[in-house]
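Every heavy atom of this structure was used, including side-chain atoms; hydrogens, water molecules and symmetry mates were not. Residue numbers begin at 1 in each chain, while the letters A, B, ... track the order of the sequences.
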Amino acid sequence: METTKAREVVQITLQVNGEAHTVEVEPRMLLADVIRHKLGLTGTHVGCEQGVCGACTVLVDGEPQRSCLMFAVQAQGHDITTIEGVTPESGLSPLQAAFQKHHGLQCGFCTPAMILTSEALLRKHPNPDEAQVREALSGNLCRCTGYQFIVDSVLDAAAQASKKEGQ
Amino acid sequence: MADIASRPQFTGSRVTRLEDARLVSGQGRYLDDVEFPGMLEVAFVRSNRPAAKILKIDVEAARKLPGVKAVWTHEDCPLGIKNAGFDCTQWVLAKDEVRYVGEPVVAIAAESRYVAEDAADLVQIQYEALPPVLDVRTALKESTRQVHEGKSNVFFHRERKTDGFDEAFAAAEHRLSETFIFHRQTGAAMENRAFAAVTDPFTGRLTCYCGHQSPHELRSELCEMLDLPENMVRVVVPEVGGAFGIKASMYPEYLVVAWMALKLRRPVKWISDRQESFLADVHARDGVHDVEVAFNSDGTIVALKDHMMADGGAYTAVPFCGAIGETVTAASVLTGPYKIPHQATVIDCTYSNKTPLGAYRGVWGPIASFIQEGVVDRVARYLKMDPAEVRRVNMLSDEDFPYRNPSKMVYDKGSYLQSMEDALRLIGYEDFRKRQAELRKQGRYIGIGISVFVEPTASASSEAGSVGYEACTVRVEPNGTVTAALGLGPTGQGHETTMAQLIADQLGVDVTDVVVLHGDTDSAPFGGGTGGSRSGTIGGGAAITAGREMRQKLIKLAAHALEASEEDIELCDGKAYVTGVPAKSMTIRELAQLAYTNVKGLPPGMQPGLEVVARYLPPFRVSFSNGTHIAAVEVHTDTGKIDVIDYAVVNDCGNLINPTIVEGQIHGGVAQGIGEAFLEELRYDRDGQLVTTSMQDYLLPASVEVPRMKIEHIQTPSAAEGGFKGMGEGSLIAAPAALIGAVSDALEPFGVMVNAMPVTPAQVLAWVDQAETSA
Amino acid sequence: MKPAAFEYVRPDNLQGALAALRDHPDGKVLAGGQSLIPLMNFRLSRPQALVDISHLTELTGISVVDGAVEVGALVRHQQLHEHEEVRRLLPVLSEAAGEVGHWAIRNRGTLGGSLTHADPAAELPAAAVALRATVVLANADGQREVPAESFFLGFLTTDIQPDEILVAVRFPVPPADVRYGFAEFARRPGDFALAGAFVEMGGDASGSITWFGVSGGPERRELDFPDDAQARKAAFAELAAEFDTGEDAVYRRKLAVTVAEQAYQKAREGRR
């Protein structure tokens, strides 16, 4: 059993985007804050800190979860993927490219989490229909786009992938 | 000289956005991504009382907490925000009295936000409660307590009436009255507001980072309020996660943070959390309108009367007092696209113990549109006429332009009637009416709402300030790439792409060779910023003007170097050609090298280098976009739920720079319209507490609430450079009226005519009940 | 919105967790955190200590034992929603679990967390009552079992003691002739329900209805469902009239009737 006193700092190792990061944190530090301010991975955004807006969504063991509703100490032993982790070394991922092609973003603040959630969706359901895409993204708020071009982006990325699959 | 802009390659095309690559990969740098060594983070202790005297503030325990650098009250930071038009100052940290829940009272700077919030918990404030003033009708009564002692609660009053109004009103065959109610709402951008400040030890200059719509306006205000010269302050606007008007204001937190950076000599930043956002971002709407309309049996509307009341909140925001915007501008276009000759308005804006009112996208618009369309729908129902037909009867037609409305606003030529007819076709109006009749027999209620809008854009003054022009610098770098800079403050609109499209077409280069800078007062020429749907038209005009000046310079240079006449030089594909002699050409890069390095090779009289700055002032005070939104809804009378089942938009914003970006703006505005009509409400309880301070209470539309939309464009050019009109707000101006109209139409069998926004499920069931009880 | 400081205890196993909880009377159990952490971020909850059980694999199982589906406290809503055996034996539970919050919340929120938080508008506490589940509670000295119906005591209040951890929920597999229906209404999908209902129907017209979102907690009522729609709605309305609904009382009671009827129709369609 490990016990950390209030305001005491503890050393933890997080597996983020395939790399181990050892950082010192207070147990109360939210995963979102550690990812952003200790690891410098600022593509994860914080919008409401109560799990509603979805901007801080990251993949935990491949599944979308809110990094604002998890303490960093709890993320030990899990694989965390942020937007930086799905971005290829050069160019864009198929989903990222689809978002650009279909104007699936305006201010870009909700975008990394939209893309991560969509990644997870397409891994689970490679050929979703529009209703499935809308349902999967219903926990990711966007104030700019009215969602239509986001949905188009995800559907097109799925279509492109299955076309490639068929070849 | 060949005019490249007359056969544009990029302008009007669906160019994908240049800013997207960084944003989709999480590389955008928003304000909370700005960090400096030793940076302090700020938390505020805010008033939890709507109205109270401050008796005592005890900050001792907070000061002693390890990690806390400063705990400030009014005495430590005696700065104020004052809108020059009104006799009212908001102290950035409350002095003696608090006037709304959320008003900053104490500021704490600490090594982290966690510690700052710990310290905030330790601050004790003793208050003596005052009776809060919480709505506009109460505020208007003489007997009501004054929110600012010694000052009337009515801070703005104006009466206007067209000549002959009373006679026309009395002579009409019919009259109806209605009270329209607009609840409080706010922009709720996904990125919360924030501010950071750091001083430069070498120059002593203060650099302020802020997600703001008008970098230069913000700098002017900071300099005035901090008493600093403008060359000592730099404002940098990083990536902004949405603004929608709320980020055009000056806020107390900004001055506190800047003052802290100066006094504590440390970098300081404050990142609003979502609770603070709902409490302390400017609010919008919150109006009550007593409306009367006079009309004849053929559907002709002859006179419209409105007592417009707006609850402005505790202070008059700077630079844009929302209550004025929501009323005065509404009054100026209250008759919309309808040829109603007579109008009478009385405007009252009052103080209350609520958050100050500022700008939210479409300021005035959802209000005036709902009144104008609501009036038409009431006339139609009263006369048992088709709502589309009543609109046809009253609609402006081509021969009416230039049209001067009863508020003396001059409308651009537009496509008012055509946009409505096209939208009726898009939605399948006749078929819908048949389906509606059939479904009613089965106890299902669908309805259709028509909203024909006018959108005054690109006006000389808006929430972005009162700079009527915009400026653009265009520089061709020595290697031939292009750098442009504008004073705009984009917050997702894609100016890096649209402005690059315009400039690339002037210079005959690829759009990806043009980098557009913005949001930094050190690099951008002085400009008005982004707000009031001005950037495309005025900013675009500046981009074209500066691009054209650069083109002329390049042509002169090429003609000299290629020994041809200027008339024969063409700029295309990154080269300057001699017309008809394709072999005789120079690349832009070669011309740039010439301009920068070969001073003796320049034409006589030409300055070395390739850099121009141009300002563009449109030839009008305001430019009117127009269009029609038609919404189809189903109202479920067992749950009160409203589903938007179809949606059509026909939009006319003049020539299009980038149709995809325009459509994105429309989609987003309609989504916000759905929020405005059905979901979003900032609710105060009877004690003056804001009870909707989280995203679980203030409901934003999600992916499943917003339908797929059918959009068509009509292009009636404006007189501006490029023929553009603004379009950032039209969709939010039009959508709520269409959506609410559709609900009224669906519930017509129950005698319902909606008069308030948003409509809640509980309200729907109450109407249905009432109808069933009385039947 | 940052949580206040707390002592963090990360036990190695359930026994360790129970011992830690006994030693920290002001402590709280942290599982998925999807209800607790928002409250802590708002500083509406400031536990002195958190005993983190989120990593204890011994609480993550789903098994069928003695005619009941036993679901470990740490089973996530999404797992419950997608689990093959749960879909087959308790389809209404699977359906309800799929309606909890949004996908990202369901991926982390746990059954134990939902039941002990006892939000009156939550689906799973009502599901437990409707399905006549038994809640298994443990402390350092042993275990006890409480019928779900008596576990929920009111608004955000349950029978769990400060030293106890909810370790599992046992859902009896209903007899073959018993069918269930589930319906709810929220302003937006994923929001807490304004009203929801589970209907349980036996081979004859007898059965029960369990409402949620209409008062302080799940409300279960036995009744014989009238065949006539008007009579049935009147029966629902009569029951709903008793609820202390708080604000929008008239609306919430009408909604209670609507969701009850929707759930009834779904039960009639023959779902288990």
Problem set entry | Ion pair A:Arg28/B:Glu117, N-O distance below 4.0 Å |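 Salt bridge: no.
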
Closest-packed option against chain B by number of heavy-atom pairs under 4.5 Å, given [options]:
options                               : answer
A:Thr44, A:Asp33, A:Val46             : A:Asp33
A:Ile150, A:Thr145, A:Thr87, A:Asp152 : A:Thr145
A:Gly47, A:Gly54, A:Cys110, A:Gly43   : A:Gly47
A:Glu130, A:Lys101, A:Glu49           : A:Glu130

Exercise. Hey, would you say the A:Tyr147 and B:His667 ring centroids sit under 6.0 Å apart?
Worked result: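 No: the rings miss the under 6.0 Å criterion.
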
Problem set entry | Pair B:Asp20-A:His103, side-chain donor/acceptor within less than 3.5 Å |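 Distance-only check fails for B:Asp20 and A:His103.
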
Exercise. Taking atom types as modelled, is there a side-chain donor on A:His45 or B:Glu191 under 3.5 Å from an acceptor on the other?
Worked result: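 There is no such pair (donor and acceptor under 3.5 Å, judged by atom type) between the side chains of A:His45 and B:Glu191.
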
Problem set entry | Distance, nearest 0.5 Å, that separates CZ of B:Arg29 from OG1 of A:Thr42 |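 So the CZ of B:Arg29 and the OG1 of A:Thr42 are separated by 7.0 Å.
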
For this session: Could you tell me the separation between the CD atom of A:Gln50 and the CD atom of B:Gln696, rounded to the nearest 0.5 Å?
Result: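 Going from the CD atom of A:Gln50 to the CD atom of B:Gln696 covers 5.0 Å.
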
Exercise. Side chains of B:Met190 and A:Cys144: closer than 4.5 Å at any heavy-atom pair?
Worked result: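 No, every pair of side-chain atoms sits at 4.5 Å or beyond.
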
Exercise. Heavy-atom distance under 4.5 Å between the side chains of B:Thr491 and A:Cys107, does that happen here?
Worked result: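 No, their side chains stay 4.5 Å or more apart.
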
Exercise. Is it the case that more than 12 heavy atoms not belonging to A:Lys5 sit under 6.0 Å from its NZ atom?
Worked result: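 Result for NZ/A:Lys5: open.
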
Problem set entry | Interface moiety of B:Pro707 toward chain A, non-hydrogen atoms closer than 4.5 Å |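 Backbone only.
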
Exercise. Does any heavy atom of chain A fall under 4.5 Å from the side chain of B:Gln493, the backbone, both, or neither of them?
Worked result: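 B:Gln493 has no heavy atom closer than 4.5 Å to chain A.
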
